[in-house]
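One structure is given here, and the rest of the page talks about it.
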Amino acid sequence: MDKSWIHESRVSKTFEDGVTQFLDFAFANSTDGRIKCPCKNCNNAFRHVRNTVKEHMICDGLDIGYFSNIWIYHGELDSTQARLNNEQSVQTNDMHGMLHNAFGVLDDGDSEFDGVELSCGDHDNSSGGDENVNSGNREIPNDDAKTFYNLLKDAEQELYPGCKKFTKLSFIVRLFHIECLYGLSNKSITVLLKLFKDALPEGETLPKSFYQTKKTISDLGLGYIKIHACPNDCMLYWKEKAQQTKCTVYGTSRWKETEDDANQSSLSDRKVLAKVLRHFPLIPRLQRYFMSNKTASFLQWHERDHVKDGLLRHPADSEAWKKFDNRYPDFGSDPRNVRLGLASDGFNPFGTMSISHSTWPVILIIYNLPPWMCMKQPNFIMSLLIPGPSAPGNDIDFYLQPLLDELQELWDNALRTFDVSTNQNFNMHATLLWTISDFPTYANLSGWSTKGRFACPYCNKKTHHHRLKHLSKYCYMGHHRFLGDNALSVLSGTEIFQQMSLVKIILGKQK
């Protein structure tokens, strides 16, 4: 059964026809006129009549993970015995597709994989323009080839002799996914692995511990980099400062003080870092989007498939988007160039208000994608994870340095990237169009204080303020005077830069 409709817009005729086709199939296997509702909210936990299920699927959306696989709750397993016989090949092909997307290797259907080509978006490729993939010279770097074929071997190896449902790699990926979704500890995964190894028949191929499982997953790429930070939020031990042991601002040690340090124990004892920033490199993640056949074509949706009728349906319809393309025509001429948004805010990862803690993730959103994809969690790119226990405040600038370096490189330098939807290499650029945040975070990201007399970033020094005598607070009134012909002129970038150059920056928070 065709399932391509699940990726269409929920307001499209194709999606509605697909829902109708699904309901016809599901209710043909129902005995009481009700089925389990597969919408995101019900998640196959509640049974409803046909009209209710249809309403939920269109209004609330689908569980793409369930719909992309066999509809086990709606009769698909019973529809044909061939599905059961081919279940192993389905799992293996899914893993093959994931590996080919991860390594940029074109799958030409050759079971021996004699002809594979790695398109890694080499930064040093001096050829210009788009290139067709050269099928005559098929080589891949040795290290990447070794990793690829090791994973490919795991993708074809049975979980245990005679297993038709899982391969070694597919089971590890599923287990790791569950660990991420439900926050299982590393130790609990190790215990589960030992239980599975005891329960499965002799000859099972599971790893012995979470550490070995994580090593297999890490071979798929897209890891993160640990960057040591000063606990006072004043500097990163990064680049030319990577080897320093003390903060250059306050002289604070790079390491936590422990009892062993006080007792002057052996220098071989492992030291504990005071603070660690986790940086998830942006460039390989953007390139992975173009190397995946599931997402590459959607990155040009805003230009090729977007309906341009003057209505505001997508950021591509906004004046900011259009003005940016007009100002930088070289960037706007290629719809594959990436437009990004940045969002950040603090949260308490411990889930209890009795503990004061604020961890700050920095999230990037790809606005090239259609609206039903760009604001979905799977397409959010975690760029930075700023540790607590206190919020970085205005010192977030120091933590943003690795991301800003990447954005500068993506703007200045053309990064050779393989687009699997066209089988071509192209020069990829990217830009950050805007930020998304609440008002206090706006102050941290922009540098303009959102408190006091001049709290409005648009009115700037013309903010009409009044201090309440008995409450010792400011209120802001009289802004209707800017309506009509008296509209307030927006400051230019040069004027904002001149104002910011007068700001005295105090580094960090001395404890």
Side-chain angles (χ1 to χ4, degrees), residues 1-23 26 37-44 48 51-69 71 74 94 97-98 101 177 181 285-286 288-322 325 335-343 361 363-383 419-422 430-436:
M1 184 179 296
D2 179 26
K3 300 181 181 181
S4 60
W5 57 272
I6 65 177
H7 300 291
E8 300 293 332
S9 170
R10 282 184 279 153
V11 299
S12 67
K13 184 68 166 56
T14 304
F15 185 87
E16 185 177 358
D17 292 342
V19 170
T20 302
Q21 181 184 10
F22 165 78
L23 293 175
C37 181
C39 75
K40 285 187 174 181
N41 292 336
C42 294
N43 199 22
N44 291 309
H48 299 297
N51 289 340
T52 302
V53 174
K54 182 177 182 179
E55 179 182 351
H56 285 192
M57 292 175 68
I58 294 177
C59 295
D60 299 336
L62 309 175
D63 181 357
I64 299 298
Y66 173 72
F67 271 87
S68 300
N69 294 287
W71 300 336
H74 300 93
D94 287 343
M98 180 181 69
N101 290 333
H177 187 208
L181 286 177
R285 284 166 169 78
L286 292 181
R288 184 70 62 88
Y289 267 88
F290 285 101
M291 292 160 59
S292 172
N293 53 22
K294 298 182 184 298
T295 56
S297 60
F298 288 109
L299 290 168
Q300 301 185 61
W301 176 90
H302 65 94
E303 180 65 28
R304 293 185 174 181
D305 303 322
H306 178 42
V307 178
K308 300 178 181 179
D309 55 2
L311 299 179
L312 185 61
R313 294 190 176 93
H314 186 270
D317 299 315
S318 66
E319 289 299 320
W321 187 296
K322 296 174 183 177
D325 285 351
R336 291 174 293 192
N337 287 330
V338 183
R339 281 84 167 170
L340 298 169
L342 183 148
I363 307 296
L364 294 172
I365 299 99
I366 302 177
Y367 282 113
N368 293 46
L369 297 172
W372 60 89
M373 291 180 65
C374 68
M375 297 306 293
K376 298 295 184 182
Q377 183 179 351
N379 294 314
F380 291 169
I381 299 178
M382 171 84 80
S383 177
D419 182 2
V420 73
S421 66
T422 60
T431 186
L432 182 66
L433 286 183
W434 44 63
T435 61
I436 306 170

Working to the nearest 0.5 angstrom, can you tell me the gap between Ile363 CD1 and Ile381 CD1? 9.5 Å

In terms of heavy-atom contacts, Leu23 and Lys54 come closest through CD1-CB, 3.6 Å

Kindly write out the residues that satisfy ring pair (Phe, Tyr, Trp, His ring centres under 6.0 Å) with His306, not counting sequence neighbours, or none if the list is empty. Trp301, His314

Considering residues at least two apart in sequence or located in another chain, which fulfil the side chain to side chain donor-acceptor pair (under 3.5 Å) criterion with Ser421? Asp419

If you define the side chain from C-beta out and look only at heavy atoms, does anything of His302 sit under 4.5 Å from Lys308? no

Who are the side chain to side chain donor-acceptor pair (under 3.5 Å) partners of Lys376, not counting sequence neighbours? none

Please find the pair of heavy atoms, one from Ala296 and one from Val420, that lie closest to each other, and give the distance. CB-CG1, 3.6 Å

Using the side-chain hydrogen bond (donor to acceptor under 3.5 Å, both in side chains) definition, which of the options Asp325, Asn368, Thr431 pairs with Arg339? Asp325

What one should report as the nearest heavy-atom pair of Cys37 and His48 is CB-CD2, 3.6 Å

Give, for atom CD1 of Ile365 and atom CZ of Phe380, the distance between the pair rounded to the nearest 0.5 Å. 5.5 Å

Using every non-hydrogen atom in the two residues, find where Leu286 and Ala430 come nearest and quote the distance to one decimal. CD1-CB, 4.3 Å

May I ask you to test the Leu299-Phe290 pair for a side-chain heavy-atom distance under 4.5 Å? yes

Tell me, please, which residues at least two apart from Tyr367 pass ring pair (Phe, Tyr, Trp, His ring centres under 6.0 Å). Trp434

Under the ring pair (Phe, Tyr, Trp, His ring centres under 6.0 Å) test, residues paired with Phe298 that sit two or more places apart: none

For Ser9 and Ser12, the nearest pair of non-hydrogen atoms, with its separation, is O-OG, 2.6 Å

CZ-CZ distance between Arg288 and Arg285, expressed to the nearest 0.5 angstrom: 8.5 Å

Given 3.5 Å as the limit, does a donor-acceptor pair link the side chain of Trp372 with the main chain of His7, or not? yes

Would a 4.5 Å heavy-atom cut-off, applied to side chains only, mark Pro361 and Met382 as touching? yes

Interatomic distance, Glu16 atom CD to Thr14 atom OG1 [nearest 0.5 angstrom]: 10.0 Å

Got a sec, which residues hit side chain to side chain contact (heavy atoms under 4.5 Å, CB included) with Asn41, two or more places apart in sequence or on another chain? Cys39, Asp60

Exercise: identify the closest heavy-atom pair between Lys322 and Ala316: CE-O, 4.0 Å

With rounding to the nearest 0.5 angstrom, report the CE to OG1 distance, Met57 to Thr52. 13.0 Å

Measure the spacing between CD1 of Ile6 and CD of Glu8 and express it to the nearest 0.5 Å. 10.0 Å

